[in-house]
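Let me begin by presenting the structure, written as structure tokens, before commenting on it.
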Amino acid sequence: MLQFLERHGVRHGLRPRYEAFSGGVRGEGLNTPGWFSGMWHRDAGGDFPKQWRDTAVHWPNRRPVAHATVEYHPSRKALPVLPGQYDYAEFDEQSRRLYAELIVHGLGTWRDSDLETRFVRPVSDGHGTPWPTPLSAFLAQAPWIPQMPAHGGGVTFAPAATAWWWYSHETPPDYLTVVPPALRRRQSAGVPDRLRLLGIRAWDDLRTASERLRHLPALVEEHGYLRQGIHRYALSRAYEQAWSEVLSAPEGAAISPAAPDLLLVARAGALETHRGVPEGETVYVPDPQGAQNQKLLERVPVPLLPVEDRTLGLRIHKYLKARGGFAVRRASKADTDIRAGVLPPGPAPRESLLAYAGSWLRTFVAAAVELDEERPSRPDPVALPEVLRRLQACEFTVAREAVVWIAGHRVEESAADHSLLHQDPTRPCLVILHTGEPTKWRLLRNAATGLAGLVGAPYLAKGLRAALIELQDRCPQTEEIDDEQIAAALDVPLRRLELVLADRASRRSGSALLVPLLACVDIDLAEELQRSLESFHGRTELRDWLAGKLDHHRADLLLRLLDDDDRQRQLTELSVSLADANQAWRTLGLPTLDHQARHRQQFEAWLQRNQPALAARVRNAHAGVHRSGRSLAGYLRLRSLPGFEPDPLWHTTRWDLSPELLQFHADAWAAARLPAPARRQITLRPLEEVRETSIGAVHRSLPRLRGLIEEWTRRAGSASALSLPGAADLVQELDEEGLLDFEALTSSVLIGWLKGHGYWPDGMPATDRRAELGLDTPHVSLPRQRSGSSSPSGSTPPAGGPGPHILLNGQPLRTEPDELRELAQAVAGDLTAEQLATPAQPTGALAPAVGRTRRTPGSGGGSGGYRAPTTDQDKTTAIGLAGEAVVGAWLRQQFDVPEETSWKSSLRSHVIAGGLGDDRLGYDFRIHDGDRTYLYEVKASVGNSGEFILGDSEVERASHLGPDETYIIVYVSDVLDRTRRRITPLPNPFGAPGLAGYELVSTRMRLRFALSR
């Protein structure tokens, strides 16, 4: 029966119903969603407009629309609602549970347009803004999400703002109220993204770290049983993880919160909350130098942040300190006073630590600090000279018990074999506590904790103690300890120990620099040199030694190369490959060379030029799949070239990645990933040609199809016609399904797709033939029908003229969204050979900018003065697109890089399929060229004022560049006039020589430069 029903179109789950909503919304209501009044529907309750408004306020994809004072309408008149959503308040608990399961199933199967629509103006703002649908408004505001309490009790139902989801297959923590398992089992792969879109938080989602940071203290306030025992530990670790995720987020990321107003703290071992009062009680925060104090603070009734990772604690302290609201102090800065027995460390009997242990302890501790594998990532590591100074100054005293005063509280220490550090800048002292017989080795082992704190490395305490035990086993008598025994106890090669602790003699002679070069020629000789680095007191002694080991030519070559700091030149002269050199250096424990960053840049440069050919190869391999009508899911996945990355082995074996190597790598990827060739070869037209033809067909067909739909709807007596998406949006949807790549899109295929996706009116035949539509009566002029007449100037046409337009060389080009692609192609094709030959980088410093007097309204004409920004959004968009089309064609000529891979701004969507672009990047084009990356920001003008504005994202990007990046502003003057048009690359105003040649016209980063004549 089930199969019978499925064959006859019966589908699983809760399917949206599409209902007409009347009216429109002014642009100001979209730009300020708090003013959004909703749209009328007869069945929607009185609280539904508020649901819709509150959802829109927090909708993540919403963006400002171009016009504030005119009405916008949804791109589709019929908007999705859920059956039963208006009656949900009357459901009983069992019905709500079942309804929730149906919703979760639907979230995995519904179309994107069921959750998000667009408010648009078809003529002047075809993109408009994304907006939640009535269905989304219900899911984001109604209490439909079941929540299972951690501490028992009945299931409750919560809205998105307060509910918690759980993605993982593991069991949620037992202190957390989340959705029940039955509902979690229903979620499919696409559900998490849609839950996030609706504002539903998931506990195990990185992006909810800031909410967890607030929720965990609230849980402790609400449930007292969570303060101690196993719950205390689990909550503390969750709180630490939330802090780590918040502070690890990139600058400006969505999870970075404002400072919390409630902290989770531990007081004498029990959790509690602490509210932010700047002059309130001090909260202590663990830090890397405060290990000793942290353990003491855990035993006294003061608030201590429950964080085990002390490096993270240091970052938390910096964060809270910068934002205010709490009195915070690092644990290492807590006030302390230590008494050995009844005496403070000063009057107590003291002895020099190095004099007692022997000079070997100096070598032992210094080597442990310097050879710490994590040292490069440690915060503020103490330099080796300071480590040696502290060891030399350190004294110790022995006691059976000690009294410590910390943060005003008394702590007694007794009968424990460890040590405390009394921090004194000039006379630091270790208070070594012990029980039993105070032998030298026992006292030294007990001193490990204090020693680690003394040298600024408390994280090494356990390692030092273990190494001392190992050293005792090897040398029962401390007088017999030598460097070889120390190296064995620390588990490091002896040569590394000697290199770390060597003095500067090796620097004077160059012997340390010679070791890696000599290792490439004679590794045994290099190892011999390692062992005697400090025996050479000058270059002459080193030359004499080397001449006695090698022939004079080879010795002179090695010594000459010491003065060259370029490893590639050195190894080339020695005729040694990078792979062999790295192997030799690894054998001797020397640093190796890794070219990962360099290879990534070269790989991106090659891929940018060759991606179209790879895309065509992937398409051709799936020709049989397309011809057979099977799913294109595999093709769509491989189209993005997953897994095509540089080979990690290259980083240490190759200096550069040649085009031949990368092509071979691409061939290997294709052989491993693409389907086997079909027996019968299917010949397809070139991919670029098919995509160009298909995209052009969409842009040409849409105006005509809109007219047919409007006329047929009017003839059929329908109240309103469906609004087709803009051409750019439609192209993106078709591209996401792979329908632009295999065959040129025909009108019949396009209409069939529109009908299958709900864009074609019910009852209207799927054809564009007027006779079959019943429209063969005398022709009625269709809206937006093209005309051959032209307007003499401006964008205001005469009666019967071409509609909104701009003039390219005096000829009108329409500026409606569906016509922008034709406009861009016309402007790009209008470039002269001289314009295309303009150098791709600034050719010199700008001439000094000459200040100009601002003209008041009515003060006269003249070009080049300051003008208020135009309010004609269609014309502004068209001019911006014209400028980017010019620069795209120019960069393709300069770098042989297609616009498909270099164009990054949102305007690309009017011309190119395959991604909408991102205006938040701060640049419009990105070119990878060799070892450099060029970021081009386009500024276009119909005049030649030499004046432009840098937006916030552009200022941010131009002022924060990587070492291999160059930011260039390209000013296209007279962009619509072939005879006067000029392409002028300009220097980065935030780079050297800065604003030289610019005039800062306003604080909005409005800049002017002198355009050379």
Side-chain angles (χ1 to χ4, degrees), residues 217 220-221 224 226-229 232-233 235-236 239-240 262-310 312-314 316-317 320-321 325-348 396-425 428-435 446 449-450 452-454 458 461:
V220 170
E221 277 197 327
L226 298 176
R227 298 174 184 267
Q228 295 179 321
R232 176 211 182 281
Y233 178 82
L235 262 75
S236 298
Y239 193 60
E240 180 172 350
L262 191 66
L263 292 179
L264 185 64
V265 299
R267 190 188 296 268
L271 292 180
E272 63 181 46
T273 58
H274 185 85
R275 295 203 173 272
V277 180
E279 277 68 36
E281 186 178 15
T282 298
V283 176
Y284 291 92
V285 184
D287 66 300
Q289 303 303 322
Q292 173 179 289
N293 285 1
Q294 180 183 351
K295 293 178 180 178
L296 296 169
L297 288 168
E298 289 172 349
R299 299 165 60 183
V300 299
V302 297
L304 175 69
L305 213 66
V307 173
E308 289 186 351
D309 184 345
R310 299 186 185 100
L312 173 63
L314 188 64
I316 296 173
H317 175 270
L320 294 175
K321 193 81 172 177
F326 293 93
V328 292
R329 180 180 294 181
R330 286 182 287 169
S332 61
K333 298 299 183 182
D335 296 331
T336 57
D337 182 28
I338 302 175
R339 293 178 177 268
V342 295
L343 296 175
F396 76 99
T397 186
V398 181
R400 290 186 176 275
E401 60 182 16
V403 175
V404 182
W405 288 86
I406 183 161
H409 297 272
R410 176 187 172 106
V411 178
E412 293 186 359
E413 294 277 1
S414 62
D417 291 346
H418 68 284
S419 55
L420 298 170
L421 172 65
H422 175 70
Q423 292 280 13
D424 185 309
C429 181
L430 295 182
V431 178
I432 302 177
L433 302 176
H434 80 94
T435 57
N446 294 347
T449 304
L454 171 72

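Numbers here are sequence positions counted from 1.
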Within the structure provided, determine whether [X] and [Y] are in side-chain contact (heavy-atom separation under 4.5 Å).
| X | Y | result |
| --- | --- | --- |
| Y239 | V265 | no |
| I316 | L320 | yes |
| E272 | R227 | yes |
| L262 | E221 | yes |

Of the non-hydrogen atoms in [X] and [Y], which two are nearest, and what is the gap between them?
| X | Y | result |
| --- | --- | --- |
| P458 | A291 | CB-CB, 3.6 Å |
| Q423 | G453 | NE2-O, 4.2 Å |
| P286 | V307 | CG-O, 3.4 Å |
| A266 | R232 | CB-NH2, 3.5 Å |
| A270 | Q228 | CB-NE2, 3.7 Å |
| L314 | R330 | CD1-CD, 3.5 Å |

Taking [X] for its side chain and [Y] for its backbone only, find out whether a donor-acceptor pair lies under 3.5 Å.
| X | Y | value |
| --- | --- | --- |
| R310 | G290 | no |
| T336 | I406 | no |
| S419 | G450 | yes |
| R299 | E412 | yes |
| N293 | A331 | yes |
| Q292 | L421 | yes |
| D309 | E240 | no |

Original post:
Which residues satisfy the salt bridge (Lys or Arg N to Asp or Glu O under 4.0 Å) test with E298, sequence neighbours excluded?
Top reply: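 Checked E298 against salt bridge (Lys or Arg N to Asp or Glu O under 4.0 Å); zero matches.
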Subject >> Those residues that, when tested against R329, pass salt bridge (Lys or Arg N to Asp or Glu O under 4.0 Å) (two or more places apart) >> reply: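 Expected list: D335.
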Nearest 0.5 Å please: distance from the [atom1] atom of [X] over to the [atom2] atom of [Y].
| X | Y | atom1 | atom2 | value |
| --- | --- | --- | --- | --- |
| L454 | L430 | CG | CG | 6.0 Å |
| T273 | R267 | OG1 | CZ | 10.0 Å |
| L264 | L226 | CG | CG | 10.0 Å |
| L312 | D287 | CG | CG | 12.0 Å |
| F326 | R275 | CZ | CZ | 9.0 Å |
| L420 | N446 | CG | CG | 11.0 Å |

**OP:** Kindly determine whether T282 and V302 satisfy side-chain contact (heavy atoms from CB on, under 4.5 Å), including the steps that lead there.
**Re:** CA-CA 8 Å; T282 298; V302 297; over 6 Å; no
